[in-house]
Amino acid sequence: MTDLVKDSIRRIIYESLVKVFPESYSIEDRSFEREIEVSRSKDPRFGDYATNIALILSKIHSLKPRELAERLLGCMPQDSNIVQEFEIAGPGFINFKMSFNFWIEALNSIHSRKKMYGSFEPIGKPRILIEFVSANPTGPLHVGHGRGAAVGDSLARLLRNRGYTVETEYYVNDAGNQMKILGMSLLLRYWELIGKSIDFPGDHYQGGYIVDMARELIGTPLGEQLETLPQKEALPLASNYASRKILEGIQEDLRVFGVSFDRYFSEKCLYAEDAVKIALDELRRRGKLEDREGAIWFKMAGGEDEKDRVLVRASGEPTYFAADIAYHKNKFDRGYENLVDIWGSDHHGYVPRVKAGMEALGYEPDQIRVMLVQFVNLIRDGKKISMSTRSGEFVTLRDVLDEVGTDAARFFFLTKRSDSHLDFDLDLAKRQSRDNPVYYVQYVHARIAGIFRIAKERNVDVDISGPDLSALDLPEEKEIMKRLGDFPDMLAEAADTMEPHRITFYLLELSELFHAYYHDNKVLTEDDRIRKTRLYLVEAVRQVIENGLTILGVTAPDRM
RNA sequence: GCGCCCGUAGCUCAGUUGGAUAGAGCAACGGACUUCUAAUCCGUAGGUCACAGGUUCGAGCCCUGUCGGGCGUGCCA
């Protein structure tokens with residue numbers, strides 16, 4: 001069983017196509033059915049849904065679009081309980097006006113499936129691994145990471161809801177050069193605190209959190225070691241300690257943000273398992289490597305990114321690129337059929353490289369999908385807050401969460417397409433009014449919960465079983481029902497396009513319909529019949545709001 | 001220089017994979033609380049979809065060029 005409205009319409013269209021052109025389409029092979037384009041009509045004069053199928057197929061069947069539409073229409077089921085009215089319009093669109101019963105069924109489906117309304121049968125394959133955040137454990141998460149976290153976590157929930165098997169992973173860059181720099185930064189700050197004169201290089205981590213960490217070490221056994229051991233031995237101790245401490249802080253921030261990962265994957269482990277070496281050997285076997293100027297290069301044959309790239313430096317140290325090839329190989333070898341990487345858009349130049357690397361190893365590059373998330377500007381008092389990582393003066397994700405709360409932050413990060421810049425207005429995120437989309441949507445939920453609460457206080461009957469749905473005759477009630485019925489389609493499309501922001505827009509539109517309805521119509525009326533029916537409708541709205549917010553990782557409060 | 005993303009109302013952004021007369025919110029102006037929460041609602045106004053060509057039944061969306069903004073183009077990550 002499906003709650004997809006568009007699928008019901010596609011089926012009708014396809015069956016009509018089979019009748020009109022039995023030589024071209026068959027009931028057995030329905031692969032074309034899924035490709036039929038059905039869209040929701042913007043203008044009520046064009047019915048509820050429309051298809052352009054006659055315009056698309058007119059050439060193939062050498063018929064004029066309207067003529068083709070006529071033929072199709074002649075074969076559509078006229079007695080359907082689904083569609084009340086068919087109509088040909090404009091250059092050859094076929095418009096569908098759904099029957100009232102159809103919307104009633106959608107409404108009933110919400111009540112029978114409750115939290116499961118809008119979720120799909122598990123289909124298992126493909127197994128998807130979503131990698132996101134993956135911030136280096138060299139400093140606290142900043143707001144940009146927060147956006148990646150919100151997008152990645154919601155996307156995981158969305159794809160799971162779609163029926164896929166989804167796992168999430170955070171790649172921890174705990175190896176390589178920046179770990180040395182981190183350790184050295186801590187070491188230098190420690191020495192500085194105990195009175196040694198130091199020279200703190202400009203390319204080391206300037207942030208105050210390093211100094212704080214150093215201060216905490218004074219008087220501890222580790223502190224003593226940093227002081228007495230030769231630098232060569234002290235440095236790895238400092239690196240390990242700093243990265244572990246910082247990662248713990250990151251995990252705590254993510255916990256507050258409501259984001260959890262199935263796995264933290266350590267880059268160090270790749271080296272421990274010789275995975276980098278194995279990947280390099282495999283590349284060499286396939287003739288993709290070249291030794292030049294003391295380094296080992298990856299031969300980028302053609303493609304968009306044609307420059308050869310270094311995998312192993314002249315110093316013998318592998319680059320980040322080498323580790324990333326090994327990491328992605330590892331992901332595929334663990335059995336995932338689809339890899340989703342969510343990166344900051346400043347890494348976009350890196351996409352063709354990773355894909356080329358995986359292709360060279362014999363994997364299918366199209367099974368890697370990279371989602372690029374643009375930067376976030378923080379706005380306060382209408383002005384941008386400058387964020388420079390170098391000086392360490394950036395506003396951390398935690399600062400923002402402490403100020404505006406998790407719900408507002410998560411919702412805000414998902415109010416824009418992820419590939420466009422986001423202005424995060426701190427004052428707006430805290431405002432408790434219409435301007436603030438989070439509250440606008442949550443308020444719907446609280447209001448409906450409030451109706452039931454009040455009803456119980458007044459000993460009003462809140463049993464909503466067996467409502468007389470013919471009482472739902474107001475135009476705005478029908479609008480709400482239609483929008484509720486559209487929820488599963490919206491979720492399917494958001495998942496298929498990997499665009500979680502569609503959910504926020506849907507919820508805002510539904511909220512708008514509800515607030516207007518609530519304002520003009522009393523739910524707890526004296527009339528038993530109307531009251532019961534409206535409670536039935538309104539409870540369905542509450543459920544859909546809850547289900548949508550859950551996928552965004554935002555709470556649905558009963559009271560505000 | 002080359003590559004990627006973006007350019008839609010004064011501001012912030014949607015636009016259902018090429019569909020019908022381009023939509024919201026904010027800001028501006030004018031209204032609505034004795035009511036199930038005014039954290040709400042109703043109304044007015046606002047456009048050469050950066051610009052110029054092209055593709056076709058049809059373009060905000062696709063192609064080419066120009067202008068403007070962001071990012072990338074390391075033996076950094």
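Reminder, nothing fancy here: chain letters follow the sequence lines and each chain counts from 1.
Between the side-chain ring of A:F46 and the base of B:A20, a stacking contact exists by the 5.5 Å and 30° definition. In this structure, A:F93 packs face-to-face on the six-membered ring of B:A20, meeting both the 5.5 Å centre cutoff and the 30° plane limit.
The side chain of A:H501 places an N or O atom within less than 4.0 Å of a non-bridging phosphate oxygen (OP1 or OP2) of B:G15. Neither OP1 nor OP2 of B:U16 sits under 4.0 Å from any side-chain N or O of A:R502. Listed pair A:K42 / B:A20 meets the phosphate criterion, a side-chain N or O lying under 4.0 Å from OP1 or OP2. Between A:R292 and B:C75 there is no side-chain N or O to OP1 or OP2 distance below 4.0 Å. In terms of phosphate contacts, A:S134 brings no side-chain nitrogen or oxygen within less than 4.0 Å of OP1 or OP2 of B:A77.
Atom P of B:C13 sits at a distance of 16 Å from the matching atom of B:C71, rounded to the whole Å. Between B:A45 and B:G30, the distance separating the two C1' atoms is 11 Å to the nearest Å. Taking the C1' atom of each, B:U48 and B:A59 are spaced 15 Å apart, rounded to whole Å. Of the P atoms belonging to B:U12 and B:G69, the separation is 16 Å, rounded to the nearest Å. Taking atom P on both B:A77 and B:C11, the two are 41 Å apart, rounded to the nearest angstrom. Comparing the same atom, C1', in B:C4 and in B:A9 gives a spacing of 29 Å after rounding to whole Å. To the nearest whole angstrom, the two P atoms, one in B:A20 and one in B:C61, are 13 Å apart. Rounded to whole Å, the P atom of B:G60 lies 13 Å from the corresponding atom of B:G23.
Taking atom CG on A:L414 and atom P on B:G25, their separation rounds to 21 Å, with Å as the unit. Rounded to whole angstrom, the span from the NE2 atom of A:H145 across to the P atom of B:A77 amounts to 16 Å. Taking atom CZ of residue A:R313 and atom C1' of nucleotide B:C76, one finds them 7 Å apart after rounding to whole Å. In this structure, A:E526 places its CD atom 13 Å from C1' of B:U35, rounding to the nearest Å. Summarising the geometry, the separation between CG on A:D291 and P on B:C75 is reported as 16 Å, rounded to the nearest angstrom. If you take CD of A:E37 and P of B:U16, they are 10 Å apart, rounded to a whole angstrom. In this structure, CG of A:L510 is placed 20 Å from P of B:A14, rounded to the nearest angstrom. Whole-Å rounding puts the A:F412 CZ to B:A14 P distance at 14 Å.
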Output one line per pair: protein atom, nucleotide atom from nucleotides 38-42 of chain B, and distance, for all N/O pairs under 3.5 Å.
| unit_1 | atom_1 | unit_2 | atom_2 | d |
| --- | --- | --- | --- | --- |
| B:A38 | OP2 | A:R447 | NH2 | 2.6 |
| B:A39 | O4' | A:Q432 | O | 2.8 |
| B:A39 | N6 | A:M560 | O | 3.4 |
| B:U40 | OP1 | A:R434 | N | 2.6 |
| B:U40 | OP2 | A:R434 | N | 2.8 |
| B:U40 | O2' | A:R447 | NH1 | 3.1 |
| B:C41 | OP1 | A:Y440 | OH | 2.3 |
| B:C41 | O2' | A:H519 | ND1 | 3.2 |

Name every donor-acceptor pair, under 3.5 Å, that has one atom in a side chain of residues 411-424 of chain A and the other anywhere in the protein, sequence neighbours excluded.
| unit_1 | atom_1 | unit_2 | atom_2 | d |
| --- | --- | --- | --- | --- |
| A:T415 | OG1 | A:F412 | O | 2.6 |
| A:R417 | NE | A:D419 | OD1 | 3.1 |
| A:R417 | NH2 | A:D419 | OD1 | 3.4 |
| A:R417 | NH2 | A:D419 | OD2 | 3.0 |
| A:S420 | OG | A:R417 | O | 3.2 |
| A:D423 | OD1 | A:N377 | ND2 | 3.2 |

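Ring-plane geometry between A:F96 and A:F86 is classed as perpendicular, the angle between the planes exceeding 60 degrees on a 0 to 90 degree scale with a lower cut at 30.
Of the N and O atoms on the side chains of A:S266 and A:D174, at least one donor lies less than 3.5 Å from an acceptor on the other residue. Between the side chains of A:E169 and A:Y327, a donor-acceptor pair is found at a separation under 3.5 Å. Side-chain atoms of A:S41 and A:D48 form no donor-acceptor pair, as typed in the model, at a separation below 3.5 Å. At a cut-off of 3.5 Å, with distance as the only test, no side-chain donor of A:T525 or A:D527 sits close to an acceptor on the other residue. Side-chain N/O atoms of A:D341 and A:H328 include a donor and acceptor closer than 3.5 Å.
For B:U17, the O4'-C1' to base torsion is within 90° of 0; the nucleotide is therefore syn.
Within 4.0 Å (heavy atoms only), A:T497 reaches at least one base atom of the nucleic acid. If you check every strand for non-hydrogen atoms under 4.0 Å, A:K416 touches sugar and phosphate atoms only. Residue A:S39 is out of contact with every strand shown, counting any heavy-atom pair closer than 4.0 Å. Residue contacts shown for A:L524 include a base, since a base heavy atom lies under 4.0 Å away. Residue A:A446 is classed as a base contact, given a heavy-atom separation below 4.0 Å to a base. Among the heavy atoms of the strands lying under 4.0 Å from A:K59 are primed sugar atoms or P, OP1, OP2 only; no base atom is included.
The cationic atom of A:R434 (NZ for Lys, CZ for Arg) lies less than 6.0 Å from the six-membered ring centre of A:Y440 and within 45° of the ring axis. Under the 6.0 Å distance and 45° angle rule, A:R162 counts as a cation-pi partner of A:F120.
Under the 3.5 Å distance criterion, the side-chain polar atoms of A:W297 are matched with a main-chain donor or acceptor of A:R292. At distances below 3.5 Å, at least one donor-acceptor pair connects side-chain atoms of A:Q178 with backbone N or O atoms of A:N173.
Of the candidate nucleotides B:C13, B:A77, B:A20, B:A20 has the atom nearest to the side chain of A:N95. Checking B:C36, B:U17, B:G19 against every side-chain atom of A:I56, the shortest atom distance belongs to B:G19.
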Problem set entry | Protein proximity profile, nucleotides 67-73 of chain B - base contact B, sugar-phosphate-only contact S, no contact -, cut-off 4.0 Å on heavy atoms | ---SBSS
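Mapping A:N136 and A:L55 onto RNA chain B by nearest heavy atom places A:L55 at the nucleotide closer to the 5' end. Checking A:A89 against A:N521, the closest nucleotide of RNA chain B that is more toward the 5' end is the one next to A:A89.
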For this session: Would you sort out whether A:I246 and A:I250 count as a side chain to side chain contact (heavy atoms under 4.5 Å, CB included), showing the intermediate values?
Result: CA-CA 6 Å; A:I246 291 172; A:I250 287 173; 4.1 Å; yes
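Identified under the salt bridge (charged side-chain N to carboxylate O under 4.0 Å, His left out) test for residues 316-325 of chain A, with sequence neighbours left out: A:K180-A:E317.
Consecutive Watson-Crick or G-U pairing (both distances under 3.5 Å) extending over three or more pairs maps onto RNA chain B as B:1-5 with B:69-73, B:10-13 with B:23-26, B:28-32 with B:40-44, B:50-54 with B:62-66.
The structure places CD of A:E477 at 12.0 Å from CG of A:L513, a figure rounded to the nearest 0.5 Å.
Contacts of A:D366 classified as side-chain hydrogen bond (donor to acceptor under 3.5 Å, both in side chains), with partners at least two apart in sequence or in another chain: none.
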